[in-house]
4 protein chains.
Amino acid sequence: MTAKITKPASKAPRKKAAPAPADEDGTRSRILNVAIQEFSRLGLSGARIDEIAAETGANKGMIYYYFGNKEGLYVAALEESYTRFRQIEHGFHLDELPPIPALRALVGSTFDYHAQHPEFIRMVMTENIHNGEYIRKIPTLKAINKPAIGLLEGLCARGVEEGVFRPDVDPVDLHMSISALSFYNVSNQHTFSFIFGRDLKAADVHAKRREAVIDMILRYVRA
Amino acid sequence: MTAKITKPASKAPRKKAAPAPADEDGTRSRILNVAIQEFSRLGLSGARIDEIAAETGANKGMIYYYFGNKEGLYVAALEESYTRFRQIEHGFHLDELPPIPALRALVGSTFDYHAQHPEFIRMVMTENIHNGEYIRKIPTLKAINKPAIGLLEGLCARGVEEGVFRPDVDPVDLHMSISALSFYNVSNQHTFSFIFGRDLKAADVHAKRREAVIDMILRYVRA
Amino acid sequence: MTAKITKPASKAPRKKAAPAPADEDGTRSRILNVAIQEFSRLGLSGARIDEIAAETGANKGMIYYYFGNKEGLYVAALEESYTRFRQIEHGFHLDELPPIPALRALVGSTFDYHAQHPEFIRMVMTENIHNGEYIRKIPTLKAINKPAIGLLEGLCARGVEEGVFRPDVDPVDLHMSISALSFYNVSNQHTFSFIFGRDLKAADVHAKRREAVIDMILRYVRA
Amino acid sequence: MTAKITKPASKAPRKKAAPAPADEDGTRSRILNVAIQEFSRLGLSGARIDEIAAETGANKGMIYYYFGNKEGLYVAALEESYTRFRQIEHGFHLDELPPIPALRALVGSTFDYHAQHPEFIRMVMTENIHNGEYIRKIPTLKAINKPAIGLLEGLCARGVEEGVFRPDVDPVDLHMSISALSFYNVSNQHTFSFIFGRDLKAADVHAKRREAVIDMILRYVRA
DNA sequence: GATGAATGAGCGTTCATTCAT
DNA sequence: AATGAATGAACGCTCATTCAT
């Protein structure tokens with residue numbers, strides 16, 4: 001995975017990640033969906049090109065045709081995972097709510113997305129195991145994630161203005177705390193559940209944890 | 001042909017799993033130390049038996065002699081990582097401090113251990129990628145981790161008694177929050193640092209984050 | 001770690017197990033022929049995948065591509081050996097001869113085939129060393145061998161009818177005797193030749209033995 | 001197994017195969033007994049030194065101490081198997097019987113010994129798979145087996161003299177036929193039983209086959 | 001005699017990748 | 001676009017053998 005991969009060059013189509021729904025059930029799309037499942041399930045070195053091809057119902061050659069090599073496919077899967085993740089924010093209309101309910105909604109939604117998309121969490125875990133080596137190759141990634149901070153900045157400013165938030169809360173730091181509490185619940189669920197005998201997926205445990213996380217964030221920012 | 005799939009069982013020495021410091025530079029110990037580095041660096045499927053043997057300065061066969069197979073070595077490395085981790089608590093003397101400083105110390109120490117032992121964080125990440133499949137094979141693990149909760153329970157009770165803590169904080173939930181905030185800082189540092197352009201390892205960033213985490217936990221439990 | 005022990009299943013081509021002579025010099029065919037030589041020469045555990053691939057002039061991976069694993073290749077080689085063996089009977093036209101010359105011809109031909117195909121004898125020896133474990137996985141094998149008994153049944157019936165054979169000879173038992181006497185001559189030639197100082201491959205010894213076997217069978221069935 | 005084994009030299013004890021019952025439960029004896037089981041069960045390349053040592057309850061080193069190497073142990077096991085086999089003849093008192101009952105007894109006993117000692121048959125099969133390469137290293141082997149022919153020679157002579165046997169039967173040839181019919185029944189039982197659906201170990205099948213073999217030999221020699 | 005640890009060569013198998021069609 | 005066949009490097013693991021004690 002390191003020295004083995006001579007730059008692919010990917011002489012092929014790479015239609016800019018072709019996000020158009022037109023290709024929705026095209027071979028490329030199907031490969032990408034299966035790849036997300038497999039990479040998130042087994043990691044970069046654990047996933048198998050053969051397996052991905054087989055589950056896609058396509059030939060192995062197609063993967064190389066569209067993505068150059070295993071690394072190229074992984075990078076595409078990683079980018080797609082982040083793209084889908086950040087699209088939740090498009091659904092927010094925080095401006096229509098007062099700061100506290102708005103923050104409550106944002107934390108809750110973030111927590112829920114994590115819970116509902118373990119494959120995203122696992123992609124991020126895998127990428128961190130690889131020291132973020134591949135995410136650096138995705139130039140769009142920073143842009144994709146920036147709005148998240150913007151949203152929080154606006155919200156914090158409004159909260160401070162209205163006197164309900166502390167003035168000394170760093171939005172990036174706040175974002176990190178929300179992420180950490182939402183992420184850990186999924187990322188570490190297997191070890192935590194086993195060690196402490198508390199099934200994090202159980203409905204009541206999950207609901208209580210969700211409230212605790214929201215509560216913790218709110219107590220942290222409150223004036 | 002058939003006998004090949006017999007469970008490893010590691011008929012060899014396994015001198016009580018915890019090789020006393022006397023054995024510190026024995027072959028088994030050296031293998032285990034290298035294994036922790038390699039598994040944490042590359043994951044279960046990414047690590048190479050050959051590489052571990054070479055770095056140990058031992059013969060490949062020794063790994064099988066002492067640990068049965070790659071999985072056996074991984075499990076041993078995982079167990080050892082947890083054992084070392086939980087030994088920090090032996091250094092705590094929380095009873096000698098009032099609840100708030102005690103909690104502050106505990107959170108700070110936890111945060112620091114995580115920051116100073118990325119190989120432990122990475123072992124846990126890897127294990128969660130594998131759905132906690134291997135941790136379940138370590139019967140001692142629950143016992144190793146139980147004291148952490150006991151400590152927090154005592155502390156919470158004392159804090160409530162003294163009127164400085166809220167009475168409705170669940171110690172396991174609190175433990176989880178402390179862990180999450182400490183863990184994420186290391187586990188997700190590569191993606192986070194890249195995406196938000198904030199180097200989590202930089203001294204000032206790290207110090208500020210440490211304070212923020214302590215602050216968040218304290219605000220959460222305060223009466 | 002887990003997926004490793006999935007049954008081979010040989011998801012590959014297996015073009016009806018019996019590669020038509022058209023495929024005679026295809027890679028699969030060449031592998032199979034070399035495999036018969038190697039397994040018969042060295043047994044299942046003694047034969048080497050590397051060696052078979054090298055002698056085939058093919059890549060080792062091709063063996064796994066076509067046959068799944070070493071065992072799959074061995075089973076295919078065993079089946080092919082039996083198939084070739086039983087085809088000798090297609091050349092018999094026993095009905096055109098009176099019972100005694102017909103039986104004489106059949107015994108002689110059987111004896112000769114064994115003598116001329118030591119690789120078949122050795123495959124069968126190897127399989128018996130393995131307690132017939134693999135032959136049971138070849139569903140066609142019984143069908144392949146059944147005609148041999150049919151032939152003898154017909155011959156015996158005719159011989160009894162014509163009054164030249166005893167009526168109480170069991171065809172399966174007779175088949176077994178013919179096989180035993182033909183088989184042993186090849187299977188045990190090395191130990192027998194050494195111990196009793198009689199080279200079973202020497203032309204005169206061989207011819208005399210051939211006659212003795214035919215004679216013994218004829219004396220056994222004669223009325 | 002071929003080039004790998006540089007002449008052992010076996011600087012150790014090798015007390016002339018130490019057949020003395022005094023050593024009966026000594027380490028060497030136990031190793032040898034286990035070796036016969038393992039080599040006959042799995043062949044030369046299939047048997048494992050580790051396994052033999054483990055089942056013996058001894059250390060692997062002991063095998064090398066007493067037998068030099070794997071090949072030396074195999075040769076010793078082979079020799080011991082033949083020695084035990086030929087001792088049945090010591091129990092015969094054929095002179096006390098008329099030729100026909102005597103031959104009947106001899107064939108029956110031979111058939112029975114084979115049936116009761118499959119480990120011997122399997123050792124001989126294994127040795128023939130190896131082209132008798134190792135038996136040649138046992139100088140005593142010819143002497144061990146010679147009496148078998150002497151016995152038959154005497155019996156044939158007596159039978160001819162008394163006018164009950166044909167005069168043109170070659171004793172070695174006769175010995176071979178008796179061996180072949182007795183050997184095949186055990187050596188090929190797995191393939192034969194499977195292919196023809198007749199369990200050769202079933203009591204009635206076995207008894208009938210025993211009679212058929214005796215009958216066949218008698219019809220062959222009868223005047 | 002006996003043991004546990006160690007070695008090195010090699011074995012069966014996997015897998016990312018390529019290529020002719 | 002798509003396929004089946006082919007390749008080569010490497011990987012996890014085994015095993016006969018040796019050696020210090």
Side-chain angles (χ1 to χ4, degrees), chain A residues 1 4-6 8 12-13 26-28 45-53 57-66 68-71 73, chain B residues 1 3-5 8 12-13 26-28 45-53 57-73, chain C residues 1 3-5 8 11-13 26-28 45-53 57-66 68-73, chain D residues 1 4-6 8 12-13 26-28 45-53 57-66 68-71 73:
Chain A
M1 218 71 249
K4 285 188 63 177
I5 295 177
T6 44
T27 300
R28 189 183 186 282
S45 55
R48 300 288 168 237
I49 290 285
D50 271 287
E51 185 70 10
I52 293 171
N59 187 276
K60 261 191 301 184
M62 286 297 93
I63 292 174
Y64 290 88
Y65 181 74
Y66 283 116
N69 56 19
K70 191 184 189 183
E71 179 187 320
L73 178 58
Chain B
M1 215 87 247
K4 286 193 62 179
I5 305 179
T27 299
R28 188 182 187 281
S45 55
R48 299 292 167 231
I49 291 285
D50 273 285
E51 185 66 19
I52 293 171
N59 188 277
K60 245 191 318 182
M62 284 295 93
I63 292 175
Y64 294 88
Y65 184 70
Y66 283 113
F67 300 96
N69 56 20
K70 192 185 188 182
E71 178 186 320
L73 178 57
Chain C
M1 215 85 246
K4 285 194 63 179
I5 306 180
K11 64 264 185 166
T27 300
R28 189 182 186 281
S45 55
R48 299 291 166 232
I49 290 284
D50 272 286
E51 185 67 20
I52 293 171
N59 189 278
K60 246 192 316 181
M62 284 295 92
I63 292 175
Y64 293 88
Y65 184 70
Y66 283 112
N69 55 20
K70 192 185 188 182
E71 178 186 320
L73 178 57
Chain D
M1 217 70 246
K4 285 188 64 179
I5 295 177
T6 45
T27 299
R28 189 182 186 283
S45 56
R48 300 289 168 238
I49 290 284
D50 270 286
E51 185 70 12
I52 292 171
N59 188 276
K60 262 191 302 182
M62 289 296 93
I63 291 174
Y64 290 89
Y65 181 74
Y66 283 115
N69 56 20
K70 192 184 188 183
E71 179 187 318
L73 178 57

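Each chain gets a letter, A, B and so on, in the order its sequence line appears, and its residues count up from 1.
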**Prompt:** Are B:Arg28 and B:Phe67 close enough, and set up right, to give a side-chain contact (heavy atoms from CB on, under 4.5 Å), and what steps lead you there?
**Reply:** CA-CA 9 Å; B:Arg28 188 182 187 281; B:Phe67 300 96; 3.5 Å; yes
For [N] and [X] - does any side-chain N or O of the residue sit under 4.0 Å from the phosphate oxygens OP1/OP2?
X: A:Tyr64; N: E:dC19; value: no
X: D:Arg48; N: F:dT14; value: no
X: B:Thr27; N: E:dA6; value: yes

[X] has an atom [atom1]; how far is it from atom [atom2] of [N], in whole Å?
X: D:Asn69; N: F:dT18; atom1: CG; atom2: P; value: 8 Å
X: C:Glu51; N: E:dG10; atom1: CD; atom2: C1'; value: 13 Å
X: B:Met62; N: E:dT7; atom1: CE; atom2: P; value: 7 Å
X: A:Lys70; N: F:dA10; atom1: NZ; atom2: P; value: 16 Å
X: A:Ile63; N: E:dA16; atom1: CD1; atom2: P; value: 9 Å
X: D:Asp50; N: F:dT14; atom1: CG; atom2: P; value: 11 Å

**Request:** Just compare E:dT7, E:dA2, E:dG1 and give me whichever is closest to any side-chain atom of D:Tyr65.
**Result:** E:dG1
**Any donor-acceptor N/O pair under 3.5 Å between F:dG4 base and A:Asn59 side chain** = yes
**Message:** Could you check whether the side chain of C:Lys60 and the base of E:dT13 have a donor-acceptor pair of N or O atoms closer than 3.5 Å, going by distance alone?
**Reply:** yes
**Message:** Heavy atoms only, 4.0 Å cut-off, all strands: where does C:Ile49 land among base, sugar-phosphate and nothing?
**Reply:** base
**Message:** Under 4.0 Å, heavy atoms only, any strand: does B:Ala53 hit a base, just the sugar-phosphate, or nothing?
**Reply:** nothing
**Message:** Set out, in order, the CA-CA distance, both residues' side-chain angles and the distance that settles side-chain contact (heavy atoms from CB on, under 4.5 Å) for B:Ile49 and B:Tyr64, then state yes or no.
**Reply:** CA-CA 10 Å; B:Ile49 291 285; B:Tyr64 294 88; 3.7 Å; yes
**Prompt:** What is the base-pairing partner of F:dT7, counting Watson-Crick and G-U wobble geometry with both distances under 3.5 Å?
**Reply:** E:dA16
**Prompt:** Considering every strand shown, what is the Watson-Crick or G-U wobble mate of E:dT21 when both distances are under 3.5 Å?
**Reply:** F:dA2
